[in-house]
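Here's the structure we're looking at; comments come further down.
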Amino acid sequence: MFIINCPYCGEREQSEFKAGGEAHIVRPKQPTELSDDQWAEYLFMRKNIKGIQFERWVHSHGCRKWFNVVRDTSNDVIKAVYKMGEKPPTKK
Amino acid sequence: MTKNLRIKTSKFIDETYKISFKFNGKTYFGYKGDTLASALLANDIHLVGRSFKYHRPRGIMTAGSEEPNAIVQLHNNTSRTEPNVRVTEIEIYDGLEASSQNCWPSVNFDMGGINNFLSPVLPAGFYYKTFMWPASFWEKYEYFIRKSAGLGKSPMEPDPDIYEHRYVHCDLLIIGAGISGIIAAKTAAKNGYKTLLVEEKSYLGGSTIYQNSEHFKINNQISSSWLEKEINEIKKIKNLEIKTRTSVAAFHGYNFLLARENLTDHLPLEQRNKKTRQRLLKIRAKKVITATGSLERPLIFDNNDRPGILLSSAIHKYANLFGVACGEKNILFTNNDSAYETAISLYQKGINIEAIIDNREEIDSKLIKEIEKNNIKIFKGYTIVDTSGYKRINKVSIMQLSKDGQKVVGSKTTLNCDCLGISGGWTPAVHLFTQSGGKLKFRDEDQVFIPNIYPSDQISIGSCNGEFTLDEILSVVPTTLKKFLNIKETDYENLEVQSSFNKSKRNIWLLPSDKVIGKTKSFVDYQNDATAKDIKLALREGFRSIEHVKRYTTTGMGTDQGKLGNMHALGIISETAGSKMGELGTTTFRPPYTPLTFGTIVGRNVGEYFDIFRKTPIHDWHVENKAEFENVGQWKRPWYYPQNGENMHDAVQRESKAARDSAGILDASTLGKIDIQGTDASEFLNRVYTNAWSKLAIGKCRYGLMLNEDGMVYDDGVTTRLGENHYIMTTTTGGAATVLGKLEDYLQTEWPELDVYLTSVTDHYATVSICGPNSKKIVSQIIPDLDFSDESFPHMSFKNSKIGKIKCRVMRISFTGEHSYEINVQANYGKSVWERCMEIGKEFNITPYGTETMHLLRAEKGFIIVGQDTDATMTPIDLQMDWIVSKKKYDFIGKRSLYRSDTIREDRKQLVGLITENPNEVLEEGAQIVADINKSPIEMLGHVTSSYYSPNLKKSIALGVVRGGKNMMGQKLIIPMKDKQINVTVADPVFLDKENKRLNA
Amino acid sequence: MLNYTNTITEEKSYSGLQMKEMKPIMKLIIRGKKREFLSSIGKSLNLLLPTEANTSSRSEKLTALWLSPDEWMIYSNETLSSKNNDYETENLLNDNISKKNLGAITDVTDQFVLINLKGDKIFDLFETGSPFNFNDFKNKKGSVTQTILAKIDVIIHNQNQNDANLFVRRSFSQHLFSWMNDSASRL
Amino acid sequence: MKNKYSIFSLVKNAFSYHENWEKAWKDPEPKKEYDAIIVGGGGHGLATAYYLAKKHKMKNIAVVEKGWIGGGNTGRNTTIIRSNYLWDASAGLYDHALKIWEGLSQELNYNVMFSQRGVINLAHNLQDIRDLKRRTHANRLNGIDAVYLNTEEVKKFCPIINTSPEIRYPVLGGTLQKRAGTARHDAVAWGYARGADEMGVDIIQNCEVKGIKRNGDSVEGIETTKGFIKTNKIGVVAAGHSSVIANMAGLRLPLESKPLQALVSEPVKPVIDTVVMSNAVHAYVSQSDKGELVIGAGTDDYVSYSQKGSHDIVEGTLNAILELYPIFSRMRMLRQWGGIVDICPDASPIISKTSIKGLYFNCGWGTGGFKATPGSGDLFAHTIANDEPHKLNAAFNLNRFVSGDLVDEHGAAAVAH
């Protein structure tokens, strides 16, 4: 069970959050322009990284805000959190 | 008549408090402070159980949670029975009843014992090699294998006890209240750390607290008395919480730990009622100090498993702490000094020691000198090669070890005994450390694994960190603490410590024997009967990895999780395979450290608290009026209202008819309601629904369909425009939470530029839905000052109004196809509104109806229910709802997916109506649909999603999805049931009132 | 005239703990991001919305709880009449906020049930079912948290020493109250 | 010829104190080149190699495993085997596997202890009933032996289930597949390894793949911790680590790897003689031959390769277990562990060629891969040998995520199994 530092509410138990998968997958502005392959890429294909992953979480049982987390998926250590729209921190 | 081996009193035993208990039906006595083990030993009982595979007689081997052999069933055949309880852990209480397990008819004469003679053909993994012929027979073989396996018996009655959880947040958690833990607790708490100290035993002080020897002194006091003073001091410290009978089961990442606090297991049964039996502590600690001590190692030699063979440290503890002698003719067998501590304390208590067998040649520590001074015979450089005595050890055979320790030489000597203490040195209890993700390193000089890399803010101290001797602990631990707690000094600087312990040790994992190994039974895992030769066999058969050997031989898979034998297994593997211990790695220690009761993990989340029970504001009325309820998510919804003994079918027929003929009333409060405000509200709806919203006039309602990004139908409901920038959206009952979550997600992550706010108001409103030709008459009496004329209040529109002084919203929308209204009023007035409707509706035979009737009525109209008529594979086009998919809109959630090569196919499954040849034949929901029954393999075109007998149409109706169904109108299809075939015709899904006349009736 | 029905009828009392529903209490969720929004609220109610996370502010009539950077709950300090549910505060804010497109005002009076707890065992009770760390919270008057209690979402307002308000959605409230009583009976 | 396993060989070897048993498989160093390399020494990978050698006469092949064989999900799963799936494609795939299971011990001369004690799926609400009936009707027409049971029949088949109508989510019915059951997970890996080894397959342990060498859009070999190995056919069966291997080849897969946990109780005498699964109440349980209750939990919702999951999941599972079996309240959890499962958006697997010539993937089994082991190996071997799918795995291609023709088995996967 992680402790996640919600950028708005501070450190809380993992139980208060839900994970939202890989971050920075921007919904295409003009989906109709995309080929089936390109759309599938957006819809289903994932890096599914073993190591440092940028991902989305939501404080669903708290402030209900979405934000980003940098986590090492090989040992679940959280390196950083940052708000939606903010630049991801450069890897340390 | 059994002997009494209770020796001179121990201050931990209250001899004024006699306790009687039963073991295998016979009554015995012990004292307050005894464990079941110490009480049995005091009565000279060693034989307690039978082993798992060979059913060999087994006795008490240890004095703690590492016990592999002496496990019993408590209170057999009662609701409080419990299998596999370690006699070394359970404190005795009046009325305790324990019985041996895994033996029949009795522990003294066990038929299963025959396995011991069959053992030559039952080597490790034998079952992989046989029981294969004839093929069909495995189930029969398996029946017997299962019967002979399995140790104790599962309870067969519900548990009368209560369990609870408690979340604990502390600065520092200290695991283990031995001397190191006590020192740490005092130091940390005095320096302002909010500290929790947990100890699995009922007393504090670990093994030092009964160390009464002159050989171990601190500041010139015997170590136990010194420690006692320390303990009395820490009990006074404010920000230190001490919990005994509390064992840490799991050490997870982020310093999250689970501990079981045992509250009633030591009390007489009659004192337990209504009390919490065990409490699961869910601990979040900023820092953790592990001081879990170490476990003494056994020695591995032929027949090292007989009753009467104990760890030397256990004999020491039984004598000093419980005042019990384990035997009258004791022999000790050791490879290090600690057996001599035992010897000295036995000697001081006048317990006879026949001899000490030490596999070391040159030894001359103070302890040994004292033993020799008291002319107790020591066989130096010797080993035990065999033992005898079936149900209790009576002899050991010893021989001299060769210089390299690989063989035995010379002649065999036999010594008589009734108790053998063995000591193979000590293994740090690093289980919790490794659970937390810590990495170990191997220390060659004394062949132990010790903590190396810490994954979180934690430290290990004392013997679990490889600091075994008193002087080591008192010099190293304070320094470690200062660094870890970053403080200047402790109360333990320059103490004067006297410790006569010499660390020399001759470690031989598998002691040599004069027999070929194939003839020996040198047990490594006592409970599972895994022997050294089994391990060697596994290696011979190519099982190299420690995990393979463990799984093939079942070493370390017992209820003790190999606390005693795992190190020897590793040692034997590395010796045999010629690999280095350090490189071999350890087997992973998995949680829990000691078995954890299911009830404790679950806590109060049982019975009525298993899951949340959501009620509508009108719930009590439904109960008073005998509604049958349906679970919809966590909600309880009225399913139907049986009257004077009606069954469901009759009730639903009556309700449906009434709703269409006159008036029906439904509690729709469970539908999700989301308040949507902001200048971009309309644009937002355009993006989340398939249809267009900008042009919806204020005061109007519209049905909307929501898709997943993959184009499949996700949710639906009616949304009303309350103002220029204000809407209220309704969702399905089950979808409420997920829809709001999904919308927030898009709003916050994809479209942050939109000025839109979403607020759930599901619970704020009670929703009373009244339908039928007389609905208008009823609502207009409830809200007299509102104009209900079709002109001013047409279908799909809404009005704000008041009932008395109470604000309410009235929507004219219909899920039944009838003329109907929805009154939304603040929840606390909902029941009252409902009762008014019933009151006024009396003259129109207003009939409350439940979800079943609602489903029937909407099916007559061909309205879908998301989740029943759809699964995750239906697009709006498949549902023949093309009309709701805006062609003009550039984009909406899921739009792109509708135009993929397989989603535009014409032959997808599509929603259709189904009419049975026989109008009274009601199809089974879920039944499959085919065109050609003889085709093979048979081709299933789809299935029946909804099916009812319609009292209004006087025939059976059904909805279903059929491949290419759109273009099959009028076509005949077959529903192949188990016992018959049903002929159906594909029809328009709208069965009733295609022109929607009734909406304005 | 419509009757008003309570959600939680009984008041419960244990050694060191009393629990009862407070009703009717006006409750509003107010949402907004713009600076004018905050100032306009301040003027309209002469109550400054708390902008620091997990805190609250209070005027003579009203209390405001921080719920998120753009979301607050405002509730009336006193119970109101159940005879009418037309709240001047709501109307005032509708005029000054909603109509001016500064933010959103939503009446949630019956969306939430307010359970008031008094006594020195309040946090012992919470600790049996909430993962939230109350160590600092309990010593900080006015602190607010949204968390989980017995698997149910709750808002807890530490309004005074040994005096806390708990908000829970109406449909969950009876289940939660039953759980709280079960747990309290063994404290 | 390896010595054949039987009661007679056991007795024979007893006289020589079992000193003369041969290695079940050798531990060779890798050759320079193979005709095909299977990446991943779990049940699926070993089975693939076995059938490549046996049915497709490819002898010069190797299985490379970064740890020890069967040490991944094969050795961590709860061993439920059934084929009562909803869609034709799935039913075809899993029943093909089930048919092989029925003769596997004899085929491998290794007792995998396939125990056809039946699997029950419970219904707790009206939609469950519709879904389960829909499934049983489809199963019947697909020739799969699944039947629908009412509450009394459920109780009769498994008396310890609490079928009281008073509980929060009463048991309203269920389905039963009698041919379904469990098997001994380790034995499956070991049996296939022994069989493959005997036909000349190199099983190379402690050999981690570090890279995939490509020449244009076809493969040339793999970089490993034991050096470069040349080959032009690579079959990847790396379960949770599939994406890691795919990334080496510059591919992206529709997978997320998530923690899945399981636990066992202390061993007790036989108390439950079948396998019971419940979607709505999220629990499934069986009892091992050793006597342990084997209980599977659900997956966490985040990607992780740590082989650890969150305690909430375990707690939630045991909540459900005690709801359905109150008598287990005083039983104790002996061991708990986690695996990494690779999950597809439609909860169905991928057994497919890729855009890179000579690179094949068998992945996406999520929580239910063990039951398919023999079928999966057989079909993947076919796909690799013929460079085209068998008709039974044609539907499980990668292209379905582009075209939208998904095989949605969420109904079947709602609870981990």
Side-chain angles (χ1 to χ4, degrees), chain B residues 82-84 120-121 123 126-132 135 142 145-146 149-159 518 537 540-542 544-545 547-548 551 559 590-592 595-599 601-602 605-606 610-611 631 867-868 872-873 900-903 924-928 938 940 943, chain D residues 5-7 10-11 14 17-19 21 23-25 27 68 71 103 105-106 110-111 115 125-127 130 133-134 137-138 140-141 168-169 186-187 266-271 289-291 308 311 315 318-319 321-323 326-337 403-405 408 410:
Chain B
E82 203 171 358
N84 310 335
V121 290
F126 72 96
Y127 33 75
Y128 299 122
K129 296 190 170 99
T130 180
F131 303 123
M132 289 180 274
E142 187 185 36
I145 291 172
R146 288 187 66 191
L151 298 176
K153 286 184 281 169
S154 162
M156 294 308 284
E157 295 170 50
D159 188 342
L537 170 63
R540 203 176 303 126
E541 291 195 77
R544 284 290 189 78
S545 136
E547 283 292 339
H548 275 163
R551 285 157 180 265
T559 61
R590 285 161 169 166
L596 188 56
T597 306
F598 287 177
I601 296 169
V602 171
N605 305 326
V606 291
F610 167 64
D611 194 16
N631 284 314
Q868 175 170 348
T873 68
R900 294 175 295 170
S901 57
D902 275 300
T903 44
E924 180 169 283
E925 289 170 347
Q928 295 288 331
I938 195 155
M940 289 173 255
H943 71 285
Chain D
Y5 290 162
S6 73
I7 182 65
L10 272 168
V11 173
Y17 310 111
H18 304 282
E19 293 286 342
W21 288 106
K23 279 190 163 26
W25 58 83
D27 237 331
W68 36 282
S105 294
Q106 292 67 32
Y110 205 93
N111 188 353
S115 166
N125 60 51
L126 301 178
Q127 192 54 41
R130 291 183 199 103
K133 284 190 170 167
R134 177 184 174 190
H137 283 297
R140 174 169 46 86
L141 296 172
R168 183 68 181 84
Y169 299 104
D186 293 329
E266 294 182 323
V268 287
K269 295 293 176 191
V271 61
D289 287 346
K290 202 174 168 218
K308 293 194 170 71
H311 172 72
E315 182 180 316
L318 286 172
N319 289 359
I321 290 291
L322 294 198
E323 172 78 348
I327 64 167
F328 289 155
S329 173
R330 297 178 91 86
M331 292 286 289
R332 291 193 226 95
M333 175 166 82
L334 175 60
R335 226 175 19 251
Q336 157 203 346
W337 65 91
S403 70
D405 191 14
D408 190 279
H410 280 104

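Note that the structure is a prediction, hence the values are computed from the model and not measured. Protein chains get the first letters and strands the later ones, always in sequence-line order, with residue 1 at the start of each. Values reported hereafter were calculated over all heavy atoms of this structure, with side chains retained and with hydrogens, waters and symmetry mates removed.
- Not a single donor-acceptor pair under 3.5 Å links the side chain of B/Asp159 to the backbone N or O of D/Phe328.
- The number of heavy atoms from other shown groups lying within 6.0 Å of CZ (B/Arg146) is above 12.
- Of the two parts of B/Leu537, only the side chain, counted from C-beta on, holds a non-hydrogen atom closer than 4.5 Å to a non-hydrogen atom of chain D.
- For the 3.5 Å distance criterion, the side chains of B/Glu924 and D/His137 qualify, holding a donor opposite an acceptor.
- Comparing D/Gln106, D/Arg168, D/Lys133, D/Glu315 by heavy-atom pairs within less than 4.5 Å of chain B, the highest count is held by D/Arg168.
- Side-chain atoms of B/Glu82 and B/Thr597, non-hydrogen and from C-beta on, do get closer than 4.5 Å to each other.
- Between B/Glu541 and B/Lys129 a salt bridge is recorded (basic side-chain N to carboxylate O distance below 4.0 Å).
- Ranked by heavy-atom pairs shorter than 4.5 Å toward chain D, the options B/Pro595, B/Pro123, B/Gly152 are led by B/Pro595.
- Among the candidates D/Ser105, D/Ser6, D/Ala14, D/Ser115, the residue making the largest number of heavy-atom pairs closer than 4.5 Å to chain B is D/Ser115.
- To the nearest 0.5 Å, atom OH of residue D/Tyr5 and atom OH of residue D/Tyr110 are 5.5 Å apart.
- Heavy atoms of B/Ser545 lying under 4.5 Å from chain D belong exclusively to its side chain.
- The residue among B/Ala927, B/Ala872, B/Ser154, B/Gly867 with the most heavy atom pairs within less than 4.5 Å of chain D is B/Ser154.
- Listed options D/Pro326, D/Gly71, D/Pro270, D/Gly291 were ranked by heavy-atom pairs under 4.5 angstrom with chain B; first place goes to D/Pro270.
- For D/Arg330, the parts lying near chain B are the backbone and the side chain together; criterion is any non-hydrogen pair under 4.5 Å.
- Using a 4.5 Å cut-off between heavy atoms, B/Thr873 touches chain D through its side chain atoms alone.
- Checked by atom type and distance alone, the side chain of D/Lys269 pairs as donor or acceptor with a backbone atom of B/Ala149 at under 3.5 Å.
- Heavy-atom pairs under 4.5 Å with chain D peak, among B/Arg540, B/Arg590, B/Arg900, B/Glu157, at B/Arg540.
- Contacts between B/His943 and chain D at a heavy-atom distance below 4.5 Å involve the side chain alone, from C-beta outward.
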CA sep, side-chain torsions, deciding dist, call: D/Tyr169, D/Asn125, side-chain hydrogen bond (donor to acceptor under 3.5 Å, both in side chains)
CA-CA 7 Å; D/Tyr169 299 104; D/Asn125 60 51; over 6 Å; no

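- Looking only at distances, a side-chain donor or acceptor of D/Asn111 sits under 3.5 Å from a matching main-chain atom of B/Tyr127.
- The CG atom of D/Leu334 lies 7.5 Å from the NZ atom of D/Lys290; values are rounded to the nearest 0.5 Å.
- Both the backbone and the side chain of D/Gln336 come within less than 4.5 Å of a heavy atom of chain B.
- For chain B, the nearby part of D/Asp27 is the side chain; its heavy atoms alone come within less than 4.5 Å.
- Of the two parts of D/Asp186, only the side chain, counted from C-beta on, holds a non-hydrogen atom closer than 4.5 Å to a non-hydrogen atom of chain B.
- For B/Glu142, the part lying near chain D is the side chain, with the backbone staying farther off; criterion is any non-hydrogen pair under 4.5 Å.
- Note: D/Asn319 leads D/Asn319, D/Leu318, D/Val11, D/Ile7 in heavy-atom pairs under 4.5 Å with chain B.
- Only the side chain of D/Leu322 comes within less than 4.5 Å of a heavy atom in chain B; its backbone stays farther off.
- Residues B/Glu925 and D/Arg134 are not paired through a salt bridge, judged by the lack of any N-O separation under 4.0 Å between the basic side chain and the carboxylate.
- Among B/His548, B/Met156, B/Lys153, B/Met940, the residue making the largest number of heavy-atom pairs under 4.5 Å with chain D is B/His548.
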